[in-house]
Amino acid sequence: MNPPDGLTGPFTLPDVTLVQPAESSTPHTELQIRGDRIAARADGQGRILQEYRGAYVVPGLVDMHTHLPPKSPLHLTESVLLLNIAHGVTTIRDAGDADGTSGDAARQAIERGHPGPRLSTAGSFVTRGRTRWPNSVQMTGPGQAAEIVARAADAGHRWIKSYEGLGIADIAALVTAAERRGLGVLGHVPTALRHDQTLLPDAQHFFGVADPGDLGADTVLCRSTDWRGVTDRRLEEVVRHSLDHGLVHTPTLVATEALLSYRDYDAARRDPKTGMLPPLYADRLWHPQHGFPVYRGIDGARLDLVAHSLRLKLRLVGFMHSAGVPLRLGTDSQPFTIPGQALHAEMRLFSQAGVPAPEVWRMATSGAGRTLGPGLGEPALGTLAPGAPADLLLYDADPTSRTDPSDGLKAVVTQGRLYTRAALDAALAADRRRLRRPLPSLLGRVGSKRVLRTTDFAF
């Protein structure tokens with residue numbers, strides 16, 4: 001696919017207002033971009049972009065939990081990178097590489113000049129017992145932790161993905177080994193454990209909140225939605241445990257909300273947002289009868305549980321925010337979660353849970369930057385400070401009083417290159433046409449059949 005045209009620096013944005021969400025607003029500023037950095041001061045070099053005079057500038061958004069697609073002849077990697085940039089997502093944490101090809105495919109596309117976000121990656125899934133993804137590392141005991149972490153660090157990953165089947169001692173050993181190498185640990189609270197039985201530093205999806213005995217099966221669907229036994233007392237226990245041990249949560253609320261699309265699958269597959277991805281997703285992988293086995297036959301009773309669990313998760317986010325538990329905004333890659341757009345939905349859901357809009361923006365920018373930046377060698381990631389990465393969003397008004405990052409977006413600057421909203425929209429439309437041509441459609445049908453036949457989609 002052909003990438004959109006972008007403007008490289010040096011260039012200056014005249015008389016703009018710099019908005020550091022929930023922290024400061026600095027009007028009448030000359031902001032210069034040199035290379036992939038915010039310059040300490042404007043020196044008159046390069047173009048002065050008068051069309052952005054008076055604009056509001058905020059840092060680019062960060063998705064703290066997503067999964068890039070595997071390398072494929074469909075060039076889905078480039079499509080997903082473009083979707084993120086078009087929605088203002090300029091950094092992502094890839095929370096696990098399903099087959100070991102996605103991270104390299106993304107880096108190679110960006111090196112070829114395709115617009116894409118900065119990447120902070122987890123690599124393999126560390127697991128015990130059943131292997132659910134091809135790119136998994138079997139851990140047979142705590143003594144393996146140092147070796148597992150060393151391999152990940154040597155491969156350039158900044159995170160360890162603690163996954164299913166691990167015991168309490170396994171997780172503790174991974175955390176200790178990761179700390180020694182300067183890596184973080186994120187992942188699933190294993191199915192057999194409650195959140196308060198582990199010290200998982202960054203727990204994903206609110207797994208472990210529901211009691212293991214309440215789960216109908218060891219699947220992502222049951223783990224996400226079998227919350228009938230969850231009470232306010234249980235929510236308060238999770239909040240207390242998180243505070244006592246300094247634990248972080250990445251709830252991925254949007255992955256739960258998106259399941260409600262199965263109430264009217266035909267309407268959801270026709271939704272323009274769904275059309276941002278190739279038809280193989282909605283027509284095949286997400287099909288309620290023939291797609292991922294874990295979602296086949298999803299019915300009204302299960303969807304009622306989805307809605308019930310979402311209400312409780314929103315309540316838990318509100319409790320956590322009020323108590324001061326650190327929260328991260330992430331999206332995952334589940335049915336009807338669209339890269340880029342899903343982070344906007346997650347921001348809306350955090351606001352719905354009671355987090356003020358400027359604070360939601362802070363979490364999605366400087367808050368996430370403080371977590372990812374040091375590992376990327378970018379301590380100022382998510383800020384507008386001199387010397388910070390030139391990852392910026394330009395608006396016609398201050399967007400941080402609401403949680404709709406698409407409203408009023410004029411341009412995106414990623415790694416120092418400026419893309420207009422019009423250029424990004426045109427590139428998305430061209431990619432949508434590309435993916436619906438006969439050959440890509442055929443490759444999508446063949447590829448989706450192979451994926452469904454060869455992968456354990458119980459997750």
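None of the values given here were measured: they were computed from a predicted structure.
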Peer 1: Would you say the side chain of Y395 lies within less than 4.5 Å of the side chain of P405, judging by non-hydrogen atoms?
Peer 2: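 Answer yes - side chains close enough.
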
Peer 1: Could you list the residues that satisfy side-chain contact (heavy atoms from CB on, under 4.5 Å) with T176, not counting sequence neighbours?
Peer 2: R180

Peer 1: With side chain to side chain contact (heavy atoms under 4.5 Å, CB included) as the criterion, how do H249 and L200 come out once you've worked through the C-alpha distance, each side chain's angles and the decisive distance to 0.1 Å?
Peer 2: CA-CA 10 Å; H249 289 265; L200 187 60; over 6 Å; no

Peer 1: Are E236 and R233 close enough for a salt bridge, meaning some N to O gap below 4.0 Å?
Peer 2: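 Salt bridge between E236 and R233, a charged N being under 4.0 Å from a carboxylate O: no.
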
Peer 1: May I ask you to check whether Q204 and H65 show a side-chain donor-acceptor distance below 3.5 Å?
Peer 2: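 Yes, H65 and Q204 have a side-chain donor paired with an acceptor closer than 3.5 Å.
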
Peer 1: Applying side chain to side chain contact (heavy atoms under 4.5 Å, CB included) between V189 and each of V209, D196, T198, L166, report the one that passes.
Peer 2: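 Among the candidates, only T198 passes.
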
Peer 1: Are T256 and V306 side-chain neighbours, meaning at least one heavy-atom pair lies under 4.5 Å?
Peer 2: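 Sidechains of V306 and T256: in contact.
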
Peer 1: From the options R263, R228, R311, select the one residue that forms a salt bridge (Lys or Arg N to Asp or Glu O under 4.0 Å) with D304.
Peer 2: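 The option that passes is R263.
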
Peer 1: With the threshold set at 4.0 Å, does a side-chain nitrogen-carboxylate oxygen contact exist between R421 and D425?
Peer 2: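 Yes, this pair counts.
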
Peer 1: What's the separation between atom CZ in R402 and atom CG in D407, rounded to the nearest 0.5 Å?
Peer 2: 4.5 Å

Peer 1: Considering only NZ, NE, NH1 and NH2 on the basic side and carboxylate oxygens on the acidic side, decide whether R270 and D264 come within less than 4.0 Å.
Peer 2: no

Peer 1: Centroid-to-centroid, H195 to F206, below 6.0 Å?
Peer 2: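 H195 vs F206: aromatic centres not under 6.0 Å.
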
Peer 1: Only distances under 3.5 Å count here; give the side-chain donor-acceptor pairs of residues 367-377 to other protein atoms, sequence neighbours excluded, each with its distance to 0.1 Å.
Peer 2:
unit_1	atom_1	unit_2	atom_2	d
T371	OG1	R328	NE	3.3
T371	OG1	R328	NH2	3.0

Peer 1: In sequence, state the C-alpha distance, the side-chain angles, and the governing distance for K161 and H188, and then conclude on side chain to side chain contact (heavy atoms under 4.5 Å, CB included).
Peer 2: CA-CA 8 Å; K161 179 61 175 278; H188 289 192; 4.3 Å; yes

Peer 1: By the definition side chain to side chain contact (heavy atoms under 4.5 Å, CB included), identify the one residue from N135, L68, T77, L119 that meets it with S102.
Peer 2: L68

Peer 1: Measure the shortest side-chain to side-chain distance between H205 and Q334 over non-hydrogen atoms and say whether it is less than 4.5 angstrom.
Peer 2: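 Not touching, per the 4.5 Å side-chain cut-off.
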
Peer 1: Can a side-chain donor-acceptor contact be found between T383 and Q20 if the only test is distance below 3.5 angstrom?
Peer 2: no

Peer 1: L215 and C222: which non-hydrogen atoms are nearest, and at how many Å?
Peer 2: CD2-O, 3.7 Å

Peer 1: Does a side-chain heavy-atom distance below 4.5 Å link K273 with F336?
Peer 2: no

Peer 1: Are D398 and T17 close enough that a side-chain donor and a side-chain acceptor fall under 3.5 Å?
Peer 2: no

Peer 1: Between the side chains of D94 and T121, does any donor sit under 3.5 Å from an acceptor?
Peer 2: no

Peer 1: Check whether any side-chain heavy atom of V57 sits under 4.5 Å from a side-chain heavy atom of V413, and report yes or no.
Peer 2: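 In short, these two side chains do not touch, never coming nearer than 4.5 Å.
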
Peer 1: Which of these passes salt bridge (Lys or Arg N to Asp or Glu O under 4.0 Å) with R93: D202, D332, D63?
Peer 2: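 So the option named by the test is D202.
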
